[in-house]
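I have a structure here, written as structure tokens, and I will follow up with some questions on it.
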Amino acid sequence: MQTRLQEMKESALGQISQVTESAQLQDLRVKYLGKKGELTELLRGMGSLSPEERPVVGQLVNEVREALDAAFSAKQTALEEAVLNAKLASQTIDVTLPGRPVPTGTMHPLSRIIEEIEDIFIGLGFEIAEGPEVEMDHFNFEMLNLPKDHPARDMQDSFYMTDEILLRTHTSPVQARTMLKKEGKTPVKIICPGKVYRRDDDDATHSHQFTQIEGLVVAKGIGMSDLKGTLLTFAKQMFGPTQQVRLRPSFFPFTEPSAEVDLQCFNCGGEGCRVCKQTGWIEILGSGMVHPRVLEMAGYDPEEVSGFAFGMGVERIAMLKYGVEDIRHFYTNDVRFLRQFNRG
């Protein structure tokens, strides 16, 4: 039996050394060490041995089993390493190659303009005020000297939920709400950014939804010079230190006197060109001194305090600053357009 055990060991080790796949190795393990394997068959014949031979054969059986277990384990490890090395060789990465850049998003141009405008006015001592986009007719029109059936309402036709509830047509209701909260106290110095809605036909320069920033200052001794100085400072910081502004008489129900504010054309420097329609100026916003009636309705005495207000369309500022010719580009989410504003 000892001879048979030795022969089986040598045969098994020889076959193990020739194996090239894990499946073949497992078959050999079952052949020699399984429940019906050759080593098990030899153990069954130990009953025919003499008492003196059994310990010797039993020790040899254990030695053979340990040798085969070690051989199988070593071969399994070698096969796994071979598979890994082959995989690594087929998937070699050149670590000296430069990395592939990961595209990142960027702030929307309108959000960027809003942030720039807010930074400018915060630097001038203004606070940011916000209010609801779904507004009451009372705050959207009546508190701004636009009573029901006032003809000026036609210029700001909106989307109505009921006769008294609508989507706001400007951020001016935030001004009215803020003054009421102040309960006649001064100073009031706010800007009001947000979305507004009007029933306009969408085209290259108009949209039924757009973004607006309005400003309001109420205190003692406020005059038109304060308004012009504030807007001139804004224009210089937004469009460059050489920029100039021009105020033209206009009409708004909630300001008196009222003025349209023009920028000197930055394309021709005031000489006259296609951009400014040969006038040398480009309109950017409306403004004026707060109407005494608006102050009274908000709880202020127009004999004691005065104020100015202004309102600008963010899209208008962005179109001028970035040279965008169609307002709809801001809303279509075309990445080819938006990618131009990626500072990274």
Side-chain angles (χ1 to χ4, degrees), residues 105-121 128 133 155-158 167-172 191-215 230-248 250 252 259-287 309-344:
T106 183
M107 185 181 291
H108 192 279
L110 294 182
S111 298
R112 179 172 296 165
I113 290 295
I114 291 172
E115 189 175 89
E116 289 183 24
I117 295 173
E118 288 177 344
D119 287 344
I120 292 171
F121 283 103
I128 297 174
E133 295 179 21
M155 296 185 296
Q156 297 189 18
D157 192 14
S158 183
L167 296 179
R168 67 183 181 186
T169 60
H170 43 196
T171 58
S172 300
I191 57 170
C192 317
K195 296 186 182 72
V196 298
Y197 307 84
R198 298 182 187 178
R199 292 184 61 184
D200 283 335
D201 293 328
D202 290 3
D203 56 29
T205 57
H206 297 84
S207 174
H208 65 280
Q209 172 191 304
F210 57 99
T211 315
Q212 193 177 58
I213 292 182
E214 295 194 10
T230 299
L231 296 179
L232 179 60
T233 300
F234 160 72
K236 288 180 177 293
Q237 292 193 37
M238 177 60 70
F239 296 101
T242 62
Q243 186 56 250
Q244 297 295 321
V245 298
R246 179 181 73 172
L247 274 63
R248 290 181 291 106
S250 185
F252 302 109
E260 298 283 359
V261 180
D262 300 333
L263 281 180
Q264 189 176 65
C265 180
F266 34 75
N267 186 59
C268 65
E271 295 290 331
C273 65
R274 179 184 61 83
V275 175
C276 61
K277 299 178 181 179
Q278 306 302 323
T279 65
W281 299 90
I282 300 174
E283 178 187 330
I284 61 165
L285 58 87
S287 65
F310 58 86
M312 67 185 79
V314 175
E315 287 84 350
R316 175 69 170 163
I317 301 297
M319 291 173 75
L320 292 174
K321 188 175 179 70
Y322 297 133
V324 178
E325 297 182 350
D326 194 321
I327 193 174
R328 291 168 291 193
H329 290 322
F330 294 121
Y331 312 129
T332 54
N333 295 324
D334 188 331
V335 294
R336 295 170 299 178
F337 170 76
L338 298 176
R339 195 177 291 127
Q340 301 175 74
F341 303 94
N342 192 337
R343 291 173 178 170

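Numbers here simply count residues along the sequence, with the first being 1.
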- Using side chain to side chain donor-acceptor pair (under 3.5 Å) as the criterion, list what pairs up with R339, not counting sequence neighbours.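 If we apply the side chain to side chain donor-acceptor pair (under 3.5 Å) test to R339, skipping adjacent residues, there are no hits.
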- Starting at CD of Q264, measure out to CD of E271 and round the result to the nearest 0.5 Å. 9.0 Å
- Considering only heavy atoms from C-beta outward, does the side chain of P193 approach that of V314 to under 4.5 Å? no
- Is there side-chain contact between Q237 and F121, with heavy atoms separated by less than 4.5 Å? no
- Note on the structure: d(K321 NZ, M238 CE) to nearest 0.5 Å is 5.5 Å
- Using side-chain contact (heavy atoms from CB on, under 4.5 Å) as the criterion, list what pairs up with R246, not counting sequence neighbours. R248, D262, W281
- Would you say I327 and H206 make side-chain contact, with heavy atoms under 4.5 Å?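 Heavy-atom side-chain distance check fails, nothing below 4.5 Å.
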- Query: Do the side chains of P109 and L338 get nearer than 4.5 Å, heavy atoms only?
  - Reply: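 With C-beta onward as the side chain, the pair touches.
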- May I ask you to decide if R198's main-chain N or O and T169's side chain share a donor-acceptor pair within less than 3.5 Å?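 Side chain of T169 to backbone of R198: no pair is present.
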- Can you tell me how far CD1 of I282 sits from SG of C265, rounded to the nearest 0.5 angstrom?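 Spacing of SG (C265) from CD1 (I282) equals 4.0 Å.
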- Item | Least distance between heavy atoms, C192 atom then T171 atom | O-OG1, 3.0 Å
- Donor-acceptor contact below 3.5 Å, side chain K195 vs main chain Q209: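 No, because the side chain of K195 does not come within donor-acceptor range (under 3.5 Å) of the backbone of Q209.
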- Counting N and O atoms only, with roles assigned by atom type, does the side chain of S158 sit under 3.5 Å from a partner on the main chain of R168, one being a donor and the other an acceptor? no
- Between V261 and S287 the two heavy atoms that sit nearest each other are CG2-OG, 3.3 Å
- Item | Close side-chain approach of F234 and M312, heavy atoms under 4.5 Å |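 F234 reaches M312 side chain to side chain.
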- Query: Are F310 and L231 side-chain neighbours, meaning at least one heavy-atom pair lies under 4.5 Å?
  - Reply: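 Yes. Closest side-chain heavy atoms under 4.5 Å.
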- Message: To check you understand the geometry: which heavy-atom pair defines the closest contact between Q243 and K236, and what is its length?
- Response: O-NZ, 3.1 Å
- Item | Minimum heavy-atom distance between R112 and T106, given as atom pair plus value | NH2-OG1, 3.1 Å
- Nearest heavy-atom neighbours spanning S250 and E260: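 It is OG-OE2, 3.4 Å.
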- Taking atom types as modelled, is there a side-chain donor on H208 or D202 under 3.5 Å from an acceptor on the other? yes
- Query: At their closest point, which heavy atom of G272 faces which heavy atom of C268, and how far apart are they?
  - Reply: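 Answer, listing the atom of G272 first, then C268: N-SG, 3.0 Å.
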- Task: Rounded to the nearest 0.5 Å, what's the gap from CD1 on I113 to CD on E118? Could you check?
- Result: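 So the CD1 of I113 and the CD of E118 are separated by 11.5 Å.
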- Query: Ignoring hydrogens and geometry, is there a side-chain-to-backbone donor-acceptor pair from E133 to L167 under 3.5 Å?
  - Reply: no
- Which residues share a ring pair (Phe, Tyr, Trp, His ring centres under 6.0 Å) with Y197, sequence neighbours left out: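 Scan of Y197 (ring pair (Phe, Tyr, Trp, His ring centres under 6.0 Å), adjacent residues dropped) gives none.
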- Who are the ring pair (Phe, Tyr, Trp, His ring centres under 6.0 Å) partners of F239, not counting sequence neighbours?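 F239 satisfies ring pair (Phe, Tyr, Trp, His ring centres under 6.0 Å) with F266 once adjacent residues are dropped.
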- Message: Looking at D119, I'd like to know if its CG atom is crowded, meaning that more than 12 non-hydrogen atoms belonging to other residues, nucleotides or ligands lie closer than 6.0 Å.
- Response: yes
- Applying ring pair (Phe, Tyr, Trp, His ring centres under 6.0 Å), name anything that partners F337, two or more places apart in sequence or on another chain.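 Per chain and number, F337 pairs via ring pair (Phe, Tyr, Trp, His ring centres under 6.0 Å) with H329, F330, F341.
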- Query: When rounded to the nearest 0.5 angstrom, what distance separates CG in L110 from OH in Y331?
  - Reply: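 Rounded to the nearest 0.5 Å, the CG-OH separation comes to 6.0 Å.
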- In Å, rounded to the nearest 0.5 Å, how long is the span from CD1 of I191 to CD1 of I114?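 Answer rounded to 0.5 Å: 10.0 Å.
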- Task: List in chain and number order the residues that pass side-chain contact (heavy atoms from CB on, under 4.5 Å) with T205, two or more places apart in sequence or in another chain; answer none if no residue qualifies.
- Result: D203
